[in-house]
Asker: 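This is the structure, below, for whatever I ask next.
FYI, the numbering just counts along the sequence from 1.
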Amino acid sequence: MIDTSLEMTDKIGYLLFKKGIIDGQTLEKAIAAKTNDRSKIKRNLAQILVQDFKYDHDVIFREVAILYAFRELETRPEEISDARLESIKNMITGSGDALKEAILQHKIIPFMFDDRNKDKLILAAIDPTDRNIPKIAFGLNAKKYEVIFIRKADYEKLIEKILPPENLFLKAMEENAQMMDLEENEDASLDEQALDAEINKSALINLVEGALVEGVRRGASDIHFIPKAGNKTLVMFRIDGNLQTWHIQDGTLPEAVVAVVKDRAKGMDRFEREMAQDGFIQRDIDGIIIRFRVSILPMVGTELKNKFESVVIRILDDRKVIRDLDKLGLAGNARKSFEKAINEPQGMVILTGPTGSGKSTTLVAALYQVITPEVNVLTVEDPVEYVIEGARQLKIGYKMNFEQAIRSILRHDPDIVLVGEMRDKETAEIAIKLANTGHLTFSTLHTNDAPSAVSRLYKMGIEPFLIAYAINLIVAQRLVRKLCQKCKKKVVNFDEGLMSAAGLNIAEWRNYTIYQAEGCEECSGTGYKGRLAIHEALYFTKDIRQLIVKSGVEVDEESLRIQARKDGTLTLREAGLEKVKMGLTSIEEVLAGTSES
């Protein structure tokens, strides 16, 4: 029982307890922490609950706002006009460095002057009880002010729009732009001394480091450094599946740019230019540890004196790991089949699709549904992309390669296994053996759709009865671009040629509200922002298993497709068109990313 005298001791604590947000034991501990707080500025109970007891900031401070009658900012960040954003920016940047730092440190936004009282400044704060608010209001020359509550998530979105984080490497590049050009009389023939001089006298380190930072902030999946004739290097980002030019480095030896990448990465030899190399980079960007996988391949160039190499850097950002099945885009029969398959005590779940179709993301999300402290989860991946909490991820290297790891895994008492990719007959056989001996097994294949994955395993030399009874589910996956929610435009006139070629009935489609890409500043004029997955799920029913067991010289893929349709499976194109009907993507995008089945 909580002593009712606590209500007098701390109103907010008692309110949170009464609402069931905190329990009695936590309340007593928090009050004790408040009593014993020796910090210079005494913290209130809400601050202690968030900082020391790790309660959700917005849940706690919304109750504070309600208790003390602070209004809440109801406008969403994306709805705030550019003029209002510019006005806020001017107030913050024009306040002087010390005050600007205080505003950002305490997460306060001078939102606007009251329309009815021009002397009254409205300050939005994630903690409306912050004792620094009066000082900040005074520093902004406000004769009167009102404090309103803004959710922390909304504050972060808003401040990123108003004051996007500065890329210090790019700033340094701009300041040293005059140092980036080759001298006219310099001999451009390649030798190591000249290359060292080129690297040392230029701001190439800032270019490479700046690209890493900018790639992460823009949500790119890959960064490309592409050498060109005439001392030129293209730097491109892959965003939402498409390559976009970000920077053109002119007047610098491409070999010098690549040498800097090699120097910044681990596991690479700067002086090796004739063979493929793989390495990695790790950086703290905006307070988050980001890993980068670096791949370098020798290229043919038009100039014999140059030794060109292509660089691709994959960005591995653990914030992109999806743990919630709802965020995968699985719907209808595909979602039902997926959940059923991963909750079986044994058997195999296979994800199939081309490189970059999000197979690994889906498998990791599936693993998070079944990982518990009571099971031994082992993964064999080459390379490991994301760290999976609760799984033992085997380290592939020169002392233990992928094949050796696969062979050893059976002796390591696994319950659940993730085999990154079934590359050959040996890998496939071991994965199938795991699935047939009481283990839940996840893996990937590179095929166009789900039925062709069965055919691929058969052609590898796996026996039909093993395929039929080891596999629970095969899911084919593709990524399509999402329409920009800010500028997407309702389709009024359908393209008759496009619809006819795709076999779509215009009269039927007029019954749905369909959108098309338009293009705005938010989506860089593309009309699309972000991507979503579409799925074809082939669940192994009794009928499907019998069709596979009866296979003769080859698997009858068409029979599998017909039976799958009877069982409720949608093809990739049909699944994509369902997303079109939901207003998430366009007909053009789905038709471009899928084929007729």
Asker: Where the side chain of Arg573 meets the backbone of Thr594, is there a donor-acceptor pair that is under 3.5 Å apart?
Answerer: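 Indeed, once roles are kept as given, a pair shorter than 3.5 Å links the two residues.
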
Asker: Counting distance only, does the side-chain N/O of Thr585 pair as donor-acceptor with the main-chain N or O of Lys482 below 3.5 Å?
Answerer: no

Asker: With Asp495, which residues qualify under salt bridge (charged side-chain N to carboxylate O under 4.0 Å, His left out), at least two apart?
Answerer: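 Asp495 satisfies salt bridge (charged side-chain N to carboxylate O under 4.0 Å, His left out) with no other residue.
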
Asker: For Asp97, look at atom CG and say whether over 12 heavy atoms of other residues, nucleotides or ligands are found less than 6.0 Å away.
Answerer: no

Asker: Looking at every non-hydrogen atom in both residues, tell me the closest pair between Met348 and Met422 and how far apart they are.
Answerer: SD-CE, 4.1 Å

Asker: Any donor and acceptor pair, going by atom type alone, linking the side chain of Arg238 with main-chain N or O of Gly241 inside 3.5 Å?
Answerer: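 Here the side-chain-to-backbone pair exists.
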
Asker: If you take all heavy atoms of Gly583 and Tyr515, which pair is closest and at what distance?
Answerer: CA-CD1, 3.9 Å

Asker: Please test Ser452 against Asp449 for side-chain hydrogen bond (donor to acceptor under 3.5 Å, both in side chains), starting from the C-alpha separation and ending with a verdict.
Answerer: CA-CA 6 Å; Ser452 60; Asp449 61 8; 2.6 Å; yes

Asker: Would you say that more than 12 heavy atoms from the other residues, nucleotides or ligands in this model lie under 6.0 Å from the CD of Glu101, or not?
Answerer: no

Asker: Within the distance-only criterion (no hydrogens, no angle test), does the side chain of Gln277 pair as donor or acceptor with the backbone N or O of Asp269 below 3.5 angstrom?
Answerer: yes

Asker: Where the side chain of Asp317 meets the backbone of Ile290, is there a donor-acceptor pair that is under 3.5 Å apart?
Answerer: no

Asker: Using 0.5 Å steps for rounding, measure from the CG atom of Asp263 to the CD1 atom of Ile205.
Answerer: 7.5 Å

Asker: Counting only heavy atoms not in Lys89 (residues, nucleotides, ligands), do more than 12 fall under 6.0 Å from its NZ?
Answerer: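 For Lys89, atom NZ is not crowded (no more than 12 foreign heavy atoms under 6.0 Å).
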
Asker: Assess whether salt bridge (charged side-chain N to carboxylate O under 4.0 Å, His left out) is satisfied between Glu403 and Arg407, documenting all intermediate values.
Answerer: CA-CA 6 Å; Glu403 288 70 27; Arg407 284 196 296 271; over 6 Å; no

Asker: Under a 4.0 Å N-O cut-off, is there an ion pair linking Glu255 with Lys307?
Answerer: no

Asker: List, one per line, each side-chain donor-acceptor pair under 3.5 Å for residues 352-366, sequence neighbours excluded.
Answerer:
| from | atom 1 | to | atom 2 | distance (Å) |
| --- | --- | --- | --- | --- |
| Thr352 | OG1 | Leu445 | O | 3.2 |
| Thr352 | OG1 | Thr447 | N | 3.1 |
| Thr352 | OG1 | Thr447 | O | 3.2 |
| Thr352 | OG1 | Thr447 | OG1 | 2.3 |
| Ser357 | OG | Pro354 | O | 2.7 |
| Lys359 | NZ | Gly353 | O | 3.1 |
| Lys359 | NZ | Pro354 | O | 3.0 |
| Thr362 | OG1 | Gly358 | O | 3.3 |
| Thr362 | OG1 | Gln477 | OE1 | 2.6 |
| Thr362 | OG1 | Gln477 | NE2 | 3.1 |

Asker: Is it the case that the side chain of Ser408 and the backbone of Gln404 share a donor-acceptor pair, with hydrogens and angles ignored and the cut-off at 3.5 Å?
Answerer: yes

Asker: Once you round to the nearest 0.5 Å, how far does CG of Leu473 lie from CD1 of Ile350?
Answerer: 9.0 Å

Asker: Report yes or no: does Glu496 contribute a side-chain atom to a donor-acceptor pair with the main-chain N or O of Phe494 at less than 3.5 Å?
Answerer: no

Asker: Quick check: does any side chain N or O of Ser524 sit under 3.5 Å from a backbone N or O of Thr526, one acting as donor and the other as acceptor?
Answerer: no

Asker: Can a donor-acceptor pair be found, under 3.5 Å and without considering hydrogens, that links the side chain of Lys488 to the backbone of Ser586?
Answerer: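 No: the side chain of Lys488 does not pair with the backbone of Ser586.
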
Asker: For Lys157 and Glu160, what are the C-alpha separation, side-chain angles and deciding distance, and is it a salt bridge (charged side-chain N to carboxylate O under 4.0 Å, His left out)?
Answerer: CA-CA 5 Å; Lys157 285 181 188 173; Glu160 194 172 333; over 6 Å; no

Asker: Give every residue pair that meets the salt bridge (Lys or Arg N to Asp or Glu O under 4.0 Å) criterion with at least one member in residues 389-401, sequence neighbours excluded.
Answerer: Arg323-Glu389

Asker: Quick check: does any side chain N or O of Lys579 sit under 3.5 Å from a backbone N or O of Gly329, one acting as donor and the other as acceptor?
Answerer: yes

Asker: Could you tell me the separation between the CD1 atom of Ile534 and the CD atom of Glu574, rounded to the nearest 0.5 Å?
Answerer: 11.0 Å

Asker: When rounded to the nearest 0.5 angstrom, what is the spacing between OG in Ser310 and CD1 in Ile226?
Answerer: 6.0 Å

